[in-house]
Amino acid sequence: MSDMADTGKDFIREIVAEDFRSNKYGGSVVTRFPPEPNGCLHIGHAKAICLDFGIAAEGNGVCHLRFDDTNPVAEETEYVEAIKEDVHWLGWNWGEHLYYASDYFEQLYEYAVKLIKIGKAYVCALSVEEFKEYRGVPTRPGKESPSRNRSVKENLDLFERMRAGEFKDGEYVLRAKIDMSSPNLHMRDPAIYRIKHARHHRTGDRWCIYPMYDFAHCLSDAIENITHSLCTLEFEVHRPLYDWILQAVEMPEPRPRQIEFARLNLSYTVMSKRKLLQLVRAGYVSGWDDPRMPTLAGMRRRGYTAEAIRVFLQRIGITKVDGITDIALLEHCVREELNRTAPRVMAVLDPVKVVIENYPEDLEENMEAVNNPEDLSAGTRQVPFSRELYIEREDFRENPPGKFYRLAPGREVRLRYAYYITCASVIKDENGRIVEIRCIYDPNTRGGDSPDGRKVKGTLHWVSARHAVKAEARIYDRLFTKEIPEDVEEGDDYLKNFNFNSLVTATCMIEPSLQGAKPGDRFQFERKGYFCVDVVESREGALVFNQIVPLRDSWAKIEKTH
RNA sequence: UGCCGGAUGGUGUAAUGGUAGCACAACAGACUCUGGAUCUGUUUGUCUAGGUUCAAAUCCUAGUCCGGCAACCA
């Protein structure tokens, strides 16, 4: 309990610390992460995961992974496995505490019977439409269902027959008997069991009635002796029902306590499962694991590290304020880690040829390059150099604007770890496009330093043409063009703000040391950005690199504002 | 017009009656064999109006604005 100091923690950790101090739960902390297996996890879920598992870890407690699988029509086993993988990848372990709400179906049924027996639940025959009508609206009380005063005996009989499959979907529903005039809609006799003749991914055809979230969740928490049940703000209005059910079935105290926090919203992306699914289904992206997606699978494939995500989540904190976090902060956290850890290599994303006129045709030299200036223990490597090279097309300007200090006619620059070169002339094709830049090198500057001490403003990365390896680079941009994609005119929807330039594919030239790169390996392409070998489509001899995040680019900024 | 939340720089947060701080972003400069990294500095904030108090972001009152809630979804 070392981290249970009073300050510097979010309001939930303070509550947990206070409960620990007062010994409310006998000194134990038990949390749970309760995903519904109907889609992939995204970074918003990661916020909940790190909170649930983090609090448990800090309090020497445990966090359960519980699949909230109470709706058989939406849920699938494949998502169960994907979710487990994501939670593990994020760095958390549930140990033996893997549960399913469906494991409790029998117990839940018994609790429902108990509610009926004490007159706190009834079988209602209202149709869906009538149900809605009877519920009323927020500003007006609802009215009681004609079924409300059915006898206990009759309720018991009907509920049993519901379970036995005597009725069709929607014919009956079990409702908690609470208060049809409550200002809280969720307390107006909410449905707690419905009939669904559907095959469940774990219980098969054993059941044709399934508990509703509000009924199953609080009871599952109580069954598992959860102490703190953390969820997002939209469940705030459900809390009175959560407490009511536990009280009604006389769950022993201390009972689990639901606490709500604000979900994560990130700029330039969407976070709802529905929208994410739509992007997948409509082909805007290649799948749940498309590297542009805010899903954990997507981010992992993109090359984001779990550590960077955890640091990011820690920095944004936990509050009840519903806001939008700047995705730049996430990107910053990724760069911060990769700057420390990623080996540097040279790769030219948009190549143009440079010919060094005074460099011998058949000469080859190996230049020593530092693998990571932030970590000298990463050592050095040899990079082959020769007369013909590739440099980045944008690193040359025929008419350089002010503050541009890369290559231009008559100008001298440094080739990183190699020589100073001066541009002598350019060769263009019939369309005026530059096909070759002719340069002169200074043999005395080998390694990149000039013995006479003369300085050069620009340093360019390069790849020897003869030794270059061709590869595919996928350059990603934000998924949407607007900070808040949903912010549209009447009649439009968020898809209108989809960024069709969010994926640009380039054929690049990479240094030969990259030839043995393995799927998942991360590098910094010097002066460009961090890249990760794609785990799905990269092949030996046909490497595919995903841009994780570009380097900060102050030249681009200067150019934009001038 | 109902109920439940929330409001601190552009963004995310801290300060729990006692100097409004941190991070990101932005801007300026230093340094640099990555226009990266690093370093230094700058700009920008307590929703409003009253009240309590020696002292209010914090407590009280009244407003304003924003979000959520009317699936047999979770």
Side-chain angles (χ1 to χ4, degrees), chain A residues 6-8 10 14 34-36 38 68-71 73-75 124 126-128 131-132 135-142 169-175 182-188 190-196 209-210 212-214 216-217 231-240 260 262 267 273 312 315-333 335-336 339-340 344 346 369-370 373-374 403-406 414-418 420 445 447-449 455-461 483 524-529 550-559:
Chain A
D6 247 9
T7 54
D10 56 74
E14 273 180 23
E36 184 189 12
N38 69 343
D68 219 339
D69 54 353
T70 55
N71 184 2
V73 300
E75 296 146 6
C124 179
L126 252 29
S127 69
V128 180
F131 187 98
K132 284 180 182 169
R135 181 175 39 219
V137 291
T139 50
R140 283 210 186 302
D169 287 10
E171 213 171 325
Y172 286 105
V173 72
L174 183 71
R175 291 228 247 173
S182 169
N184 182 342
L185 282 301
H186 297 278
M187 299 297 272
R188 317 240 266 226
I192 56 176
Y193 261 92
R194 76 287 217 192
I195 300 171
K196 269 183 198 285
I209 57 172
Y210 293 93
M212 300 286 293
Y213 165 85
D214 284 308
H217 197 83
C231 61
T232 46
L233 251 26
E234 68 269 28
F235 292 101
E236 216 154 10
V237 286
H238 294 240
R239 190 178 352 120
E260 312 84 15
S267 57
K273 272 188 202 170
F312 165 71
R315 286 195 193 164
I316 61 170
I318 300 290
T319 66
K320 298 187 76 156
V321 185
D322 186 23
I324 298 144
T325 298
D326 192 343
I327 199 166
L329 179 57
L330 208 210
E331 293 168 345
H332 166 81
C333 294
R335 286 193 192 100
E336 188 177 53
N339 175 52
R340 272 197 325 267
R344 272 60 168 173
M346 291 198 282
V370 175
E374 303 290 323
K403 292 191 180 166
F404 180 90
Y405 48 83
R406 277 114 94 144
R414 171 169 39 233
L415 293 176
R416 184 131 160 101
Y417 300 125
Y420 285 13
T445 56
D449 278 309
K455 297 287 182 206
V456 98
K457 258 307 213 175
T459 299
L460 311 186
H461 62 280
E483 206 171 332
Q524 184 196 100
F525 287 3
E526 291 216 35
R527 303 209 306 134
K528 298 308 293 183
L551 251 33
R552 291 185 67 203
D553 188 350
S554 46
W555 163 243
K557 247 179 240 171
I558 293 168
E559 204 183 20

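Keep in mind that this is a model prediction, so the values were computed, not measured. Order of the sequence lines fixes the chain letters, A, B, ..., with proteins taken first and strands second; residue numbering starts at 1 for each chain.
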Approximate separation, where rounding is to 0.5 Å, of A:H217 NE2 and A:E36 CD: 12.0 Å

Integer-rounded Å distance: B:C3 C1' and A:R239 CZ: 13 Å

Parallel, tilted or perpendicular: rings of A:H186 and A:H238 (30°, 60°): tilted

Stacking check A:W555 vs B:G35 (5.5 Å / 30 deg): yes

Under-4.0 Å side-chain N/O to phosphate OP1/OP2 contact, A:H461 with B:U34: no

A:R140 (side chain) and B:G2 (base): donor-acceptor pair under 3.5 Å: no

A:K320, nearest nucleotide to its side chain (from B:C73, B:C72, B:G5): B:G5

Pair A:L329-A:F312, side-chain contact (heavy atoms from CB on, under 4.5 Å): steps then yes or no: CA-CA 7 Å; A:L329 179 57; A:F312 165 71; 3.9 Å; yes

Between P of B:G68 and CG of A:L233, the distance in whole Å: 10 Å

Atom-pair distance (CD1 on A:I318; P on B:U13), nearest Å: 9 Å

Closest to side chain of A:E75, choosing from B:G5, B:A74, B:A14: B:A74

Phosphate OP1/OP2 of B:C73: any A:K196 side-chain N/O under 4.0 Å: yes

OP1 or OP2 of B:C24 under 4.0 Å from side-chain N/O of A:R335: no

Any N/O donor-acceptor pair, A:E374 side-chain to B:U38 base, under 3.5 Å: no

Nearest-Å distance for atom pair CZ/C1', residues A:F312 and B:C22: 16 Å

Sugar-phosphate, base or nothing in reach of A:L126, heavy atoms under 4.0 Å: base

A:F404 ring center near A:W555 ring center (under 6.0 Å): yes

Between B:G2 (P) and A:R188 (CZ): distance, integer Å: 13 Å

Distance in Å, A:H461 NE2 paired with A:E526 CD, rounded so as to fall on 0.5 Å steps: 9.0 Å

Whole-Å gap separating P (B:A26) and CG (A:D553): 12 Å

Assigned glycosidic conformation for B:A37 [threshold 90° from 0]: anti

A:L551 side chain, from C-beta outward: closest of B:U34, B:U11, B:A23: B:U34

Nucleotide of B:G6, B:C72, B:G36 approaching A:V321 most closely (side-chain heavy atoms): B:G6

Minimum-distance nucleotide to A:H186 side chain [options: B:U34, B:C69, B:A25]: B:C69

Length of the line joining A:N339:CG and B:U38:P, which is rounded to integer Å: 6 Å

Selection from B:G35, B:G36, B:C3 that lies nearest to any side-chain heavy atom of A:R344: B:G36

Nearest-0.5 Å distance that lies between atom NZ in A:K196 and atom OG1 in A:T70: 9.5 Å

Mate of B:G2 where both pairing distances stay under 3.5 Å, Watson-Crick or G-U: B:C69

For B:U64, the Watson-Crick or wobble counterpart (both distances under 3.5 Å): B:A7

Any A:T319 side-chain N or O less than 4.0 Å from OP1/OP2 of B:U13: yes

Of the listed nucleotides B:G68, B:A70, B:G36, the one nearest the side chain of A:V237: B:G68

Phosphate OP1/OP2 of B:A26 contacted by A:R552 side-chain N/O (<4.0 Å): yes

Identified pairing partner of B:C59, criterion: Watson-Crick or G-U wobble below 3.5 Å: B:G51

Under-4.0 Å side-chain N/O to phosphate OP1/OP2 contact, A:T70 with B:A74: yes

Among B:U16, B:A70, B:U34, the one nearest A:E526 by side-chain distance: B:U34

Residue-phosphate contact under 4.0 Å: A:R175 side-chain N/O, B:C72 OP1/OP2: no

Options B:A15, B:C73, B:U34, nucleotide nearest the side-chain atoms of A:R416: B:U34

Whole-Å distance separating the NE2 atom of A:H238 from the C1' atom of B:C3: 13 Å

Closest listed nucleotide, where the reference is the side chain of A:L185 and the choices are B:A70, B:U1, B:A37: B:A70

